[in-house]
Amino acid sequence: MSHVLTLNAGSSSLKFALYALAGAEPEMLSTGQVERIGDDARLEAKGGHARIERALQGTEGADHAGACTAILALIAEHYPQAQVAAVGHRVVHGGARFEAPTAIDDTVLAEIERLAPFAPLHQPHNLEGIRAAQTAFPGTLQVACFDTAFHRSQPWQADVFALPRAYYDRGVRRYGFHGLSYDYVAGALAEAMPELAAGRVIVAHLGNGASMCALKGGVAQGSTMGFSALDGLMMGTRTGQIDPGVLLYLIEHEGLDAKALSDLLYRRSGLLGLSGISNDMRALEASEAPEAEQAIGHFIYRIRRELGALAGVLGGLDALVFTAGIGENSAMVRARVCADQAWLGLILDEEANAKRLPGVRTISTPESRVRVLVVPTDEERVIARAAAGLLGADSSETPP
Ligand code: ADP
């Protein structure tokens, strides 16, 4: 039986999941991550084996290639029969060219590298992950799955900034991100509620990074994220939408250079910056400090504002979907986003919203014209499916 490994490389982490290709749908066997690569690295994994947690010594913990070797060793130990036939990678930026998962060869790798300046905080780590996997699994099919790809079908109006046209041609566009998550949610909705999926849907991916995407018939119509993963909603440590005049002011009058601005906008702002307490919604919900409530209040204000804006783009709304860490787990955030939205035809069922249930679930009342749903996202599965798809039909053979 063939297997697919998915990798999601961050600055100091490498998340993975191992899938068996035994039927129409990849079956997840193990998932985990190496954290703190280069400094006290640790491997954690769970699945069809006992929970694993161990420190990585020497070269295994030194870099992404070492982490990849450790993951490989884990697979060899717990799944000795496993044959990794493809490795699927999450790649944050696919530019204007990549509209679908793509087998990585030298040309594709060079193009991913060329796009690194578009996502300087993420793309270099994605590249490290790819190179590490090429070393650990020589000759194995490597597949790039782009977070931008889902949005490539959005209309031109949603794709441009009102800059002189030459900038658009040079790649200064609204790319949108969290595409693997939107892809999963759109697919899950189409399977569970095809009529609704054919209509006007807004998906709110509310995690540490957060964005919203408008869909018509499952096709992207616009997203709150733009050229970078900074725009749109307020996030854990990122500003989200900000008046560009603020940036000019900080450069001209407070002496911030590009590096200092990047640090401010990506790492010191958002829930963390406004609360001064934490970037973690759980910590803010538990806090009694007024700054925590103010930060949550602004987070919700921004979501409500974008909800109205995207509903305007769609010409109305049939469904609102919450997903990712906060969207799936915070009944409080969902309730406050959905409060007083009867003008939109949206009425939340408070009781259903408060319940913790697995899977796709409805949290609006039967009278609500707009269906409100919670759909747990699964970006790894999207990568695994894509890699399996590119592997071709013979990987879906049933085991002997
Ligand atoms: P990312 O993948 O972008 O790092 P996640 O989708 O894992 O982020 O979401 C992380 C966020 O979800 C954090 O702010 C965390 O506090 C929040 N979260 C997770 N569980 C809960 C919960 N039970 N209640 C409120 N917030 C939660």
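Whatever order the structure lists ligands and atoms in, that order sets their numbers, starting from 1.
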Measure the acute angle between the ring planes of F227 and F118, then classify it against the limits of 30° and 60° as parallel, tilted or perpendicular. perpendicular
For D106, is the CG atom crowded, meaning more than 12 foreign heavy atoms sit under 6.0 Å from it? no
Taking the six-membered ring of Y167 (Phe, Tyr or Trp), confirm whether the NZ or CZ of R170 is under 6.0 Å from its centre and within 45° of its axis. yes
Taking E380 first and then R90, would you say they form a salt bridge - that is, a charged N and a carboxylate O separated by under 4.0 Å? no
Whether R336 and E285 form a salt bridge (side-chain N of Lys/Arg under 4.0 Å from carboxylate O of Asp/Glu) is what I want to check. no
When you check ligand 1 against the protein, what N or O pairs turn up below 3.5 Å? List the atom names and distances, or just say none.
from, atom 1, to, atom 2, distance (Å)
ligand 1, 3 (O), N208, N, 3.2
ligand 1, 3 (O), G209, N, 3.3
ligand 1, 6 (O), G325, N, 2.9
ligand 1, 8 (O), N208, N, 3.0
ligand 1, 12 (O), I326, N, 3.3
ligand 1, 14 (O), M281, N, 3.1
ligand 1, 16 (O), D280, OD1, 2.4
ligand 1, 16 (O), M281, N, 3.1
ligand 1, 16 (O), R282, N, 3.1
ligand 1, 16 (O), R282, NE, 3.4
ligand 1, 23 (N), R356, NH2, 3.2

Is there a ring pair (Phe, Tyr, Trp, His ring centres under 6.0 Å) between F177 and H93 once you walk through the steps? CA-CA 8 Å; F177 298 88; H93 218 301; 5.5 Å; yes
